[in-house]
There are 2 protein chains.
Amino acid sequence: MTKRLAPATPATLDETDRALLAALAADARQPVSELARLVGLSAPSTAERVRRLEAQGVIERFTVQIDPRALGFTLQAIVRVKPLPGQLHLVEDVIRRIPEFVECDKVTGDDCFICRLYLHSIEQLDEILSKVTERAETSTAIVKSTPVARRLPPLG
Amino acid sequence: MTKRLAPATPATLDETDRALLAALAADARQPVSELARLVGLSAPSTAERVRRLEAQGVIERFTVQIDPRALGFTLQAIVRVKPLPGQLHLVEDVIRRIPEFVECDKVTGDDCFICRLYLHSIEQLDEILSKVTERAETSTAIVKSTPVARRLPPLG
DNA sequence: GATGAAATCCCTGTAAT
DNA sequence: ATTACAGGGATTTCATC
């Protein structure tokens with residue numbers, strides 16, 4: 001499952017924690033010494049804070065953001081998927097197994113799943129969706145631009 | 001703008017590059033020495049490859065993945081936004097200015113924007129959407145679970 | 001032209017204040 | 001939380017294939 005337990009009490013962050021998270025969001029591979037300089041603390045204290053944020057579960061992981069276009073994924077689509085009666089679990093499995101689905105949320109409402117697809121071509125869209133359309137109705141939107149790229153929520 | 005130019009020729013990755021990206025996706029703060037061990041290369045060669053992937057634009061940035069629940073965002077919503085005539089740019093600005101919108105794509109089709117919201121409560125949903133509903137029709141879906149969390153596309 | 005090896009330098013983590 | 005110190009990692013240079 002993708003669910004992890006949320007802490008009973010949300011973590012309370014001070015100004016330094018917020019600055020630290022922002023710095024890590026901008027460049028997660030910065031040395032602790034540099035992070036320390038940015039937040040105005042000593043290196044050991046800074047390292048300790050990073051560890052604490054990880055232990056608290058605030059930081060899930062440090063990761064890399066890939067540019068899909070640099071890999072030849074010229075197209076991005078957002079697809080709403082409404083499984084036919086009795087096909088819900090199967091549809092979920094199919095989506096999970098197709099790596100071009102880079103993200104999928106199960107949501108309330110008529111459309112059960114909302115997914116993001118990376119594609120090399122418009123032909124590939126058809127090819128991939130055909131594996132889903134036997135078991136679900138789909139509704140596709142092609143991404144034209146991204147006014148807000150994944151960003152941190154307010155940390156207040 | 002959020003647009004950056006895609007390279008004319010997509011980068012071609014060998015097996016080592018793919019392993020490297022996967023390792024970085026799993027933990028972007030791993031020392032180069034550890035990455036080198038994982039991909040079976042020397043540390044300098046590994047560091048060089050990481051630099052090349054950045055220069056090629058394959059790696060956009062190293063970043064941190066936050067658990068919104070650990071910060072008290074108990075709710076996640078995906079909202080489709082269809083601006084009223086003449087309100088498109090204003091709606092885009094409003095969305096960009098509200099930090100609880102952590103992601104927003106402009107798409108083809110009837111609904112112009114598809115956005116992701118982090119929320120502390122269901123009341124906050126109303127509060128935030130009210131800033132949009134004067135200028136757009138919205139359609140909200142609450143995230144119940146995430147079968148596929150952001151993952152790398154196929155690197156083949 | 002790119003990879004591996006060795007030396008220097010810097011960073012990280014520990015312990016003590 | 002900082003400082004000092006010891007250990008390990010990173011980067012540069014150089015030699016190699």
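Scope of the values below: all heavy atoms of this structure, side chains included, with no hydrogens, waters or symmetry mates. These numbers come from a predicted model, not from an experiment. Convention: sequence-line order gives letters A, B, ...; per-chain numbering from 1.
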Next item on the list: Locate the shortest heavy-atom distance separating A:Thr12 from A:Asp17; write the atom from each residue and the value.
Entry: O-OD2, 4.4 Å
Checklist line | Nearest non-hydrogen partners of A:Gly156 and A:Arg18, listed with the distance | finding: CA-NH1, 3.8 Å
So does [X] get a side-chain nitrogen or oxygen closer than 4.0 Å to the phosphate oxygens (OP1/OP2) of [N]?
X       : N     : value
B:Arg49 : C:dA2 : no
B:Ser45 : C:dG4 : yes
B:Ser33 : D:dG8 : no
B:Arg52 : C:dA2 : no

What is the separation between atom [atom1] on [X] and atom [atom2] on [N], rounded to the nearest whole Å?
X       : N      : atom1 : atom2 : answer
A:Glu48 : C:dT12 : CD    : P     : 15 Å
B:Glu34 : C:dT12 : CD    : C1'   : 16 Å
A:Arg51 : C:dT14 : CZ    : P     : 6 Å
A:Leu41 : C:dT12 : CG    : C1'   : 16 Å
A:Arg37 : D:dT2  : CZ    : P     : 15 Å
B:Gln30 : D:dG9  : CD    : C1'   : 14 Å
A:Arg29 : C:dT12 : CZ    : P     : 11 Å

Margin query: Any base atoms under 4.0 Å from A:Pro44, or only sugar-phosphate, or nothing? Heavy atoms, all strands.
Written below: base
Notebook entry, point to check: Can you find a pair of side-chain heavy atoms, one from B:Tyr118 and one from A:Leu152, that are under 4.5 Å apart?
Noted result: no
Notebook entry, point to check: Does the pair B:Glu103/A:Arg116 count as a salt bridge with the N-to-O cut at 4.0 Å?
Noted result: yes
Margin query: Which nucleotide wins on minimum distance to the side chain of A:Pro31, given the candidates C:dG13, C:dT12, D:dT11?
Written below: C:dT12
